[in-house]
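When a residue number appears, it is its place in the shown sequence, counting from 1. Values below: every heavy atom of this structure, side chains too, minus hydrogens, waters and symmetry copies. What you see is a predicted model, and the numbers here were worked out from it, not measured in a lab.
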Amino acid sequence: MKVFRAKTEANIHVRGDYAGQYSILRDYILELQTRNPDTTVKIEVETEPNPHYESRIFKRIYICLGSLKKGFATGKRDYVGLDGSFMKGPYPGIVLTAVGLDGNHCTCPLAYAVVEAENINSWTWFLNCLGDDLDLHSNSNFTFISDRQKGLLHAVGTLFPCAEHRFCLRHIHENMKKQWRGRVFQDMLWNCATITTVQEFHHAMEEFKKLNNDCYEWVKSIPPQHWARSHFTGRAHCDGLLNNLCESLNSQLQKAREQLIITCLEFIREYLMVRIVTVKKVIDKASGPLTPTATTVLEKIKNETSHCIGVFLWEW
């Protein structure tokens, strides 16, 4: 016990006091908004059980940096990935993230939040805050992609009933693997998802049925408009099937999720600031009217079409 207490005191001395940082969270918010114009910060607290206490209990916090908000509005890519990951400290919680696409088809982090749990209430609150920053309404033709987190489906359907909600194909495959393993099932699922016409999709599903009827019925129970390209609306001008946007961000924030509340928020902010500078360097090196990724795609298409032969059909 003496060793445990000594280790605990050493950690507090080196890393700080987990409970103590909540008492200065308001000062951190004010400083963050002062240094970053147009930044949105929303915090919710709960009253103490004892009415005579003047303090409040922290519940959740939402942050959207002003520069990220303006950058996303300028790009006008109506495509956002949503995800959540667990905090690893002594106080339980979930880090929620929203990540979009920039003009170079790379990740564009938008907002992040620390909430008490992953449920309908917390996701509804997070999406409400995000909708206010991105000027989203109930009739907005937006596109979300997620891993079907707990409470998220209900929150998106309630707040944005006109939005397209895609499910990450990797998450669907992970659930499918619990009963049907093997490369052949993975290839069949991927084939059904990547086909671009409805007729070909139905044909691929029939092949799936011949392979295994039980697996076919399980896949069929998931509406194809959530995971198959042939049923996407096309409004987002993006045919992404995987939620790599949030997964790549979460992989960079692993160390943040085990830190104190302010240290965690600062870790995320510093990473996003570094990313903004990195993107600006890429823009400065770009030549021509298009982004580097768009230029690469265009050159590839030009090389492929150079081998084509035009055929003119004359009508008599």
Side-chain angles (χ1 to χ4, degrees), residues 40 42-44 59-64 68 72 77-88 92-101 107-176 178 193 218-219 221-228 231-233 235-236 238-251 253-254 256-257 268:
T40 301
K42 297 182 180 180
I43 185 171
E44 278 195 3
K59 186 177 182 181
R60 53 177 70 140
I61 184 172
Y62 165 91
I63 298 176
C64 180
L68 297 177
F72 183 80
R77 300 292 298 273
D78 296 341
Y79 184 83
V80 170
L82 302 170
D83 198 9
S85 53
F86 289 95
M87 296 283 286
K88 299 179 181 180
I94 302 290
V95 178
L96 304 182
T97 53
V99 185
L101 278 175
T107 59
C108 176
L110 291 175
Y112 53 97
V114 177
V115 299
E116 72 286 2
E118 197 170 18
N119 50 39
I120 295 177
N121 194 346
S122 60
W123 272 116
T124 300
W125 179 79
F126 180 74
L127 291 177
N128 258 321
C129 298
L130 184 66
D132 292 339
D133 284 327
L134 302 185
D135 196 25
L136 300 181
H137 307 282
S138 59
N139 60 346
S140 296
N141 293 326
F142 213 74
T143 300
F144 298 100
I145 184 169
S146 71
D147 293 347
R148 298 191 290 177
Q149 280 86 353
K150 189 176 182 180
L152 180 56
L153 300 181
H154 182 273
V156 172
T158 302
L159 296 177
F160 310 111
C162 296
E164 180 181 19
H165 191 178
R166 302 181 188 178
F167 301 155
C168 178
L169 192 64
R170 181 183 293 110
H171 183 265
I172 294 176
H173 178 246
E174 289 297 324
N175 290 332
M176 188 180 74
K178 296 177 182 178
W218 184 88
V219 174
S221 65
I222 307 175
Q225 63 266 26
H226 294 304
W227 61 276
H231 290 71
F232 289 168
T233 61
R235 296 192 300 252
C238 175
D239 57 359
L241 298 171
L242 306 176
N243 194 14
N244 290 336
L245 301 175
C246 292
E247 291 175 2
S248 62
L249 176 62
N250 288 340
S251 65
L253 304 182
Q254 289 185 5
R257 293 188 279 119
I268 299 174

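Side-chain contact check for F126 versus V115: every heavy-atom pair is 4.5 Å or farther apart. In this structure, the side chains of K59 and I43 stay at 4.5 Å or more apart for every pair of heavy atoms.
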D83 vs L96, side chain to side chain contact (heavy atoms under 4.5 Å, CB included): CA-CA, chis, key distance, verdict: CA-CA 6 Å; D83 198 9; L96 304 182; over 6 Å; no
CA sep, side-chain torsions, deciding dist, call: L101, C238, side chain to side chain contact (heavy atoms under 4.5 Å, CB included): CA-CA 9 Å; L101 278 175; C238 175; 3.7 Å; yes
Intermediate values then yes/no, side chain to side chain contact (heavy atoms under 4.5 Å, CB included), I94 and V114: CA-CA 6 Å; I94 302 290; V114 177; over 6 Å; no
Verdict with supporting geometry, L110 and V80, side chain to side chain contact (heavy atoms under 4.5 Å, CB included): CA-CA 9 Å; L110 291 175; V80 170; 3.7 Å; yes
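Remark: H154 NE2 is loosely packed, at most 12 non-hydrogen atoms of other residues, nucleotides or ligands lying under 6.0 Å away.
A distance of 10.0 Å separates CZ of F232 from NE2 of H226, quoted to the nearest 0.5 Å. Note: Y112 OH to I63 CD1 = 4.0 Å, rounded to the nearest 0.5 Å. The CZ atom of F160 lies 12.5 Å from the OG1 atom of T143; values are rounded to the nearest 0.5 Å. Note that CG of D147 is 5.5 Å distant from CD of E247, once rounded to the nearest 0.5 Å. Here the CG-SG distance, from L245 to C108, works out to 10.0 Å after rounding to the nearest 0.5 Å. The NE2 atom of H137 lies 12.0 Å from the SG atom of C162; values are rounded to the nearest 0.5 Å.
Counting only N and O atoms by type, the side chains of W123 and Q149 include no donor and acceptor under 3.5 Å apart. Checking D78 against N141 by side-chain atom types alone, no donor-acceptor pair falls below 3.5 Å. Side-chain contact annotation: S122 with N119, donor-acceptor N/O pair under 3.5 Å present. Using modelled atom types and a 3.5 Å distance limit, the side chains of Y62 and D133 yield a donor-acceptor pair.
With hydrogens and angles ignored, the 3.5 Å screen pairs no side-chain donor or acceptor of S140 with any backbone N or O of F142. Between the N243 side chain and the L82 main chain, a donor and an acceptor come within less than 3.5 Å of each other.
Salt bridge present: D132 and K42 bring a charged side-chain N and a carboxylate O closer than 4.0 Å. Taking 4.0 Å as the cut-off between side-chain N and carboxylate O, E164 and R166 count as a salt-bridged pair. R60 has a carboxylate O that lies under 4.0 Å from a charged side-chain N of E116, or vice versa, which qualifies the two as a salt bridge.
Annotation for L152 and H165: closest pair CG-CE1, 4.3 Å, computed over non-hydrogen atoms. Closest of all the heavy-atom pairs between A155 and T124 is CB-OG1, 3.6 Å. Between I145 and C168, the closest heavy-atom pair is CG1-N, 4.3 Å. Closest approach of I172 and W218 over heavy atoms only: O-CH2, 3.5 Å. The two atoms that bring I222 and W227 nearest to each other are O-NE1, 3.1 Å, heavy atoms only. Residues S138 and P161 share a closest heavy-atom pair of O-CD, 3.3 Å.
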